[in-house]
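Worksheet: the structure to be examined is printed underneath.
Within every chain, numbering begins at 1; the chains are lettered A, B, ... in the order of the sequence lines, protein sequences first and strands thereafter.
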Amino acid sequence: MPTHSSVPVAAPFRKLGMPRYHLMIMLGLAAVLSVAPFLLYPILMIKILCFALFACSVNLLLGYAGLLSFGHAAYFGMSSYVAAHAAKVWGLSPELAILCGVGIAVLLGCIFGALAIRRQGIYFAMVTLAFAQMVYFFALQAPFTGGEDGIQKVPRGALFGLIPLADDKTLYWFVLVVFFACLLALYRIIHSPFGQVLKAIRDNEARAVSLGYRVNQYKFIAFVLSAALAGVAGGTKAIVFQLATLTDVYWTMSGEVVLMTLIGGMYTFFGPIVGAALVVLMQNYLASVGDWVTVIQGLVFVACVLLFREGIVGFIASKLKRPL
Amino acid sequence: MFDLLGIPPQVLFSQLLLGLINGAFYAMLSLGLAVIFGLLNIVNFAHGALYMMGAFGAWMLLNYLGIGYWWALLLSPLMVGLFGVLIERLLLRWLYDLDHLYGMILTFGLALVITGLFRNFYGATGMPYTLPPLLTGGHNLGFMFLPNSRAFVIASSLIVCLSTWFVIERTRLGSYLRAATENPALTEAFGINVSLLVTMTYGFGVALAGFAGVLAAPIYSVNPTMGSDLIIVVFAVVVIGGMGSILGSIITGFSLGIVEGLTKVFWPEASATVIFVIMAIVLMAKPAGLFGRSS
Amino acid sequence: MPLLAVKELEAWYGESHVLHGVTFDVPSGEVVTLLGRNGAGKSTTLKAIIGIMRRRKGSIRFSGKETIGLSARAIARSGIAFCPEDRGIYSSLNVEENLRLPPVVQDGGLSVDEIFDMFPNLRERLKSPGTKLSGGEQQMLAIGRILRTGAKFLLLDEPTEGLAPVIVQQIGRTIKELKARGFTIVLVEQNFHFASTVADRHYVMEHGRVVDMVPNADLAASAAKLSRYLGV
């Protein structure tokens with residue numbers, strides 16, 4: 001597969017070891033996302049980008065390490081709270097506020113990850129879910145989170161103290177840069193030797209152990225990286241929407257992001273992005289039907305598991321016979 | 001009367017009682033999850049939603065048909081069980097050869113559908129379910145007042161859980177079930193209908209959740225999300241106990257309820273999270289769970 | 001008409017094709033062995049007959065009735081009993097439960113007492129978990145429990161594997177006694193010597209096919225040929 005990249009490409013991309021058709025997809029994605037804010041509401045697009053990052057973080061564990069986290073709302077939501085608090089109460093600039101959020105996500109990821117990787121399969125899923133629920137109860141009770149109201153009216157501030165982010169379009173470009181930075185970093189991670197070992201663990205853990213890999217270290221690092229990425233998504237979301245609430249840290253959020261990954265295709269790199277876009281758009285256009293959204297989401301879940309396990313991008317990839 | 005660490009005994013005992021009641025629900029729900037997981041290898045995420053359906057079943061029987069609590073204790077779990085049979089035959093059946101995660105994801109979707117439907121029709125607020133006359137009132141035990149309704153919940157849960165244990169561990173049907181859990185292919189090759197066992201087991205497991213729901217109806221209010229948070233605590237209970245042992249699930253369920261009750265007395269803020277903390281400790285000390293066999 | 005007639009039987013483990021047209025007959029009342037090297041397809045043939053191997057085609061007629069399309073449960077109910085190579089003793093069942101597990105499918109099975117007469121060791125261990133027994137006792141339990149069912153056609157997969165000589169002798173006596181009672185038995189064996197003491201005829205398997213049949217009476221004359229097949 002790497003032979004496709006023999007054509008001269010821009011140096012930074014060659015360094016990523018990206019086959020040409022992946023590069024094309026990346027460039028296509030960049031092009032679409034550069035035009036999108038002129039056609040769709042920038043805020044909606046930002047929401048898609050945040051959730052795409054969030055879904056990618058879940059897929060780093062699920063798709064590449066075979067670990068289903070049913071509790072990623074913990075990292076997303078806590079990061080969102082801390083970023084909101086940092087921006088509003090401490091008056092930090094947005095990038096620092098988001099970094100604070102990522103910090104807490106990494107911290108939580110270290111603690112919960114170290115414990116959760118002691119179990120596999122469905123137990124892992126239940127453990128991550130339970131820890132996330134613990135974080136939810138903490139958020140419900142802790143004074144700084146504002147309980148049922150959440151943290152509202154978070155100032156967007158000025159990037160590096162210089163560029164005000166009040167304008168939605170400006171904000172969009174900022175988020176787009178964050179998005180692509182994370183996406184490329186993730187691509188690099190997944191296609192590094194580290195990523196190869198993760199996949200080996202996913203495919204046959206016992207074999208990876210017998211080959212001498214310290215499986216738990218790999219899983220732990222993947223968990224923390226994934227939590228960090230969820231933290232970027234959550235922190236950014238808090239700044240953009242100027243809001244951090246209990247919804248962000250509730251288990252339905254953890255489920256939603258699994259759904260995004262599943263719809264898009266969980267063993268693919270680009271799948272979660274497509275899945276996130278679809279779910280966010282669906283929620284956006286179905287907002288008027290109230291609780292039926294939950295029912296529809298549930299039905300989509302059931303249908304995907306029964307009929308369409310490979311997901312949209314997974315389906316395309318199997319038709320093209322190329323990993324996407 | 002005596003004081004314990006400055007806590008009046010009435011407070012202590014009444015919290016213990018509340019804990020025991022929570023424990024009764026944890027035990028019934030985690031038992032159902034364990035039985036289902038044993039044979040189907042599926043973590044039934046819809047368990048909380050089916051518990052809620054059990055409670056709603058009782059409420060509907062009373063409000064639409066005038067059928068009271070005692071019949072509801074029988075009919076509502078039966079309906080939930082039949083619904084479970086449908087779920088197993090129509091949906092879960094297709095997943096047995098796949099990774100166990102798919103079962104969990106599918107039943108998660110089911111939970112969303114069921115909860116969402118009930119929210120659409122009944123709203124998010126709770127609906128009261130009045131106690132049957134026989135269960136009002138209570139007894140003064142000297143050190144505390146024991147309401148009949150609460151005593152009934154604890155007793156019924158114990159009876160149902162222990163009967164389940166008896167059937168599984170001590171009867172011929174139970175030996176079929178254990179055999180099918182351990183080696184389904186060989187068990188089928190002896191001429192035993194494993195596929196029917198699987199269906200009945202799922203039906204029974206969710207009927208147990210439905211029964212718990214009926215018991216919960218007069219104690220907590222009946223509302224569409226009553227099972228949503230509960231099920232996650234029950235997952236933690238299951239991780240703590242390990243799903244390998246029937247008796248283990250029952251003991252773990254009741255004891256964690258008591259621990260939670262005690263925490264409410266001594267450190268109320270921590271009572272919502274204490275079970276998760278215990279889960280973390282168990283994961284460090286004995287990852288397979290207290291009664292689990294290491295996988 | 002043979003009790004069991006296998007024709008052009010093919011079977012697959014997932015994607016890999018392991019039986020490539022197995023054909024042999026088992027006359028009623030005989031003890032028949034399947035011999036061959038590891039991986040020749042002997043165990044797979046038994047599993048295909050009982051229906052644990054689900055992906056299979058060809059023809060398996062039992063008492064004149066085609067069973068290739070039936071489930072393992074239906075095949076067991078028609079009077080075939082299977083004793084797997086790993087013995088398949090359930091650890092979550094005690095000895096008595098293991099013994100009483102397989103349902104009775106026909107009249108004429110042995111009573112529990114008769115089974116205990118055959119394997120006296122089992123009587124003393126009734127309440128122990130099945131897998132706490134010694135290897136030999138587990139093998140006796142595995143054979144004993146299928147005698148209760150009334151099935152008169154037994155598939156035994158390497159019943160002597162890994163057992164002490166004295167136990168192997170006991171199992172040999174059991175097989176002869178069962179034959180005397182009118183059972184028909186298909187035996188997969190690595191122990192060629194043991195096979196020669198109990199069987200009426202031997203089928204030799206290679207690469208997922210039956211390549212030869214040797215009546216037990218001709219065994220001495222065919223020794224050279226057989227040792228070539230079996231690589232012994």
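- The CZ atom of A:Phe301 lies 10.0 Å from the OG1 atom of B:Thr107; values are rounded to the nearest 0.5 Å.
- With chain A as partner, the option from B:Leu91, B:Asn41, B:Val233 having the largest number of non-hydrogen pairs under 4.5 angstrom is B:Leu91.
- Checking each of B:Ile275, B:Asp229, B:Ile231 against A:Gln133 for a side-chain contact (heavy atoms from CB on, under 4.5 Å) leaves exactly one that passes, namely B:Asp229.
- B:Val277 touches chain A through backbone and side chain together, each having a heavy atom under 4.5 Å away.
- Note that the CG atom of A:Leu62 and the CD1 atom of B:Ile105 stand 6.5 Å from one another [nearest 0.5 Å].
- The aromatic rings of A:Trp251 and B:Phe45 lie tilted to each other, with the angle between the two planes from 30° to 60°.
- Only the side chain of A:Leu262 comes within contact range of chain B, judged by heavy atoms closer than 4.5 Å.
- In terms of heavy-atom proximity, B:Val43 sits nearest to A:Met126 at CG1-SD, 4.0 Å.
- If you take CD1 on B:Ile232 and CE on A:Met134, they are separated by 14.0 Å, rounding to the nearest 0.5 Å.
- Counting non-hydrogen atoms of other residues, nucleotides and ligands closer than 6.0 Å to CZ of A:Arg309 gives a total above 12.
- Contact annotation for B:Met284: both backbone and side-chain heavy atoms come within less than 4.5 Å of a heavy atom of chain A.
- Neither the backbone nor the side chain of A:Phe124 comes within less than 4.5 Å of any heavy atom in chain B.
- Heavy atoms only, all atoms of each residue included: A:Val302 and B:Leu110 are closest at CG2-N, 3.9 Å.
- Interface remark: A:Val258 contributes side-chain atoms only to the contact with chain B (heavy atom separation under 4.5 Å).
- When heavy atoms are compared at a cutoff of 4.5 Å, B:Leu95 approaches chain A solely by way of its side chain, counted from C-beta outward.
- For B:Ile42, no part sits under 4.5 Å from any heavy atom of chain A, backbone or side chain.
- At a 4.5 Å heavy-atom cutoff, the contact between B:Ser228 and chain A is made by backbone and side-chain atoms alike.
- Contact of B:Phe108 with chain A is made through the side chain alone, with heavy-atom distances under 4.5 Å.
- Contacts with chain A were tallied for B:Val239, B:Leu283, B:Asn120; B:Asn120 has the most, counting heavy-atom pairs under 4.5 Å.
- B:Leu112 CG to A:Ile296 CD1: the interatomic distance, rounded to the nearest 0.5 Å, is 12.0 Å.
- Around atom CZ of B:Arg93, more than 12 heavy atoms belonging to other residues, nucleotides or ligands sit under 6.0 Å away.
- The minimum heavy-atom distance between A:Val305 and B:Tyr102, with the atom names listed, is CG1-O, 3.7 Å.
- To the nearest 0.5 Å, the span separating CZ on B:Phe37 from OH on A:Tyr123 amounts to 5.0 Å.
- Taking CE of B:Met243 as the start and CD1 of A:Ile122 as the end, the distance is 4.0 Å to the nearest 0.5 Å.
- For residues 67-80 of chain A, the interface with chain B (any heavy-atom pair closer than 4.5 Å) comprises A:Leu68, A:Phe70, sorted by residue number.
- Of the residues considered (A:Phe138, A:Trp292, A:Phe131), A:Trp292 shows the highest number of contacts with chain B, using heavy-atom pairs under 4.5 Å.
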Report task. Show the numbers, then the answer: is there a side chain to side chain contact (heavy atoms under 4.5 Å, CB included) between A:Gln141 and B:Thr273? Result -> CA-CA 11 Å; A:Gln141 292 173 345; B:Thr273 44; 5.6 Å; no
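- By the neighbour-count criterion of 12 heavy atoms within 6.0 Å, atom CZ of A:Arg207 is sparsely surrounded, having that number or fewer from other residues, nucleotides or ligands.
- The neighbour count for A:Phe308 CZ, taken as heavy atoms of other residues, nucleotides or ligands under 6.0 Å away, is above 12.
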**Report entry** Check against side chain to side chain contact (heavy atoms under 4.5 Å, CB included), A:Leu306 and B:Leu106
**Finding:** CA-CA 8 Å; A:Leu306 286 177; B:Leu106 184 130; 3.7 Å; yes
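- A:Tyr213 OH: 12 or fewer foreign heavy atoms inside a 6.0 Å radius.
- Pairing each heavy atom of A:Val295 with each of B:Leu117, the nearest pair is CG2-N, 3.5 Å.
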